[in-house]
Amino acid sequence: MDPIESEANLRSQFLEVLRSRRSPVVPLQTQPAKCVVEPLYQGTPCDYEAMKSVPKAPIHNFNEENFYLITEEGEQGQLPVLILSKKESTHSKRPAVVFLHSSHTCKEWVRPLLEDYASCGYIAVAIDSRYHGERAKIPTAYEDVWDLLILADYLTAREYIDNSKIGILGMSLGGMHAWFAAFDDTRYSVVVPIISVQSFRWALDNDQWHARVHSIMSVFEEARIDLGKDTIDKEVVEKVWNRIALGLASEFDSDHTGEVDPRCPLEGLDATISTTQKAFDAHSLTHFKVIVELGIGHEVTLSMLKEASDWFDKFLKS
């Protein structure tokens, strides 16, 4: 099987997993927003200092849209969406970037980035991940990817967005969602996952899963009890990952991080980098870039955000 056919088959398998976990699909539709949530957080988010330090946008004359995009039946199928764009007299198509927040925050938390990108001419979009912000409390992975596929349907139907220039950026949890969404839906033509990508199989095989477990401990504790275990071990971890993201440590594994990031160990990226490089031929290696910040743990820095901005400008504004 040639690489292109293999990639298409894997993408088809992943889409089937997404569809198998869905309630009945509904037509593309929106509803007015009920409220705007303040950016509350539990503990200190990994992007706390970076968000507080993002330069204030010089332009405040924005169009702002708040609404729910209906992605499936049920309460969790109401996807809260926030869109900022600079008011302009012309109506030319503009590039768009979707921003995905980290754990324990919400779409309003990344508003400094929305304002910054909107002031530079982008359509800036943010959503609440499931069980965050206006949604509930138990973390998942693939359900958010489904939401992002429906969001792509919505964005490509907007006359003011250039369908060939839609990027997606995610931090930590959001970066995982961005990575999966861009793999399954090529309408996201540029992806920037920050402190998020790793090989989950490598983490299991090398006993490097503890830090990520601590980020959502209640879920793993519930699985430990279900399995009748005294402590959380490799079996418990693998059960949870298969429950919230089937195939995460196998066929859908990830075969921009910090050097000493305990949740995304640098060694666990080696296979990911090697496999991804092979997917690019000699003429397109400039479309793939990995940046490691020395001495940085699981945190977002301003320099990471600057690299992301430059990357989007390179491919979405050319």
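This chain uses plain numbering: 1 for the first residue, then up along the sequence.
In this structure, the ring of Trp311 has its center less than 6.0 angstrom from the ring center of Phe315.
A perpendicular orientation is assigned to the rings of Phe312 and Tyr117, their planes being inclined by more than 60° (bins at 30° and 60°).
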Leu82 vs Glu64, side chain to side chain contact (heavy atoms under 4.5 Å, CB included): CA-CA, chis, key distance, verdict: CA-CA 7 Å; Leu82 168 62; Glu64 179 171 338; 3.7 Å; yes
Stepwise side chain to side chain contact (heavy atoms under 4.5 Å, CB included) test for Glu293 and Glu299: CA-CA 10 Å; Glu293 292 205 8; Glu299 62 182 282; over 6 Å; no
Working for side chain to side chain contact (heavy atoms under 4.5 Å, CB included), residues Tyr154 and Val125: CA-CA 12 Å; Tyr154 176 83; Val125 185; over 6 Å; no
Asn63 and Glu65: CA distance, side-chain angles, deciding distance, side-chain hydrogen bond (donor to acceptor under 3.5 Å, both in side chains) verdict: CA-CA 7 Å; Asn63 291 310; Glu65 302 174 64; over 6 Å; no
Residue pair Leu113, Met51: steps toward the side chain to side chain contact (heavy atoms under 4.5 Å, CB included) verdict: CA-CA 8 Å; Leu113 287 178; Met51 286 299 102; 3.5 Å; yes
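Using a 4.5 Å heavy-atom threshold, the side chains of Ile127 and Leu69 count as separate. Taking 4.5 Å as the limit, every side-chain heavy atom of Met304 sits out of range of all side-chain heavy atoms of Met171.
Salt bridge status for Lys306 with Asp310: present, with a side-chain N to carboxylate O gap under 4.0 Å.
The minimum heavy-atom distance linking Ala181 with Ile168 is given by the pair CB-CD1, 4.4 Å. Asp153 and Thr156 get closest at one heavy-atom pair: O-OG1, 3.1 Å. In terms of heavy-atom proximity, Lys107 sits nearest to Asp128 at N-OD1, 2.9 Å.
Under the 3.5 Å distance criterion, with hydrogens and angles disregarded, a donor-acceptor pair is assigned to the side chains of Tyr122 and Asp313.
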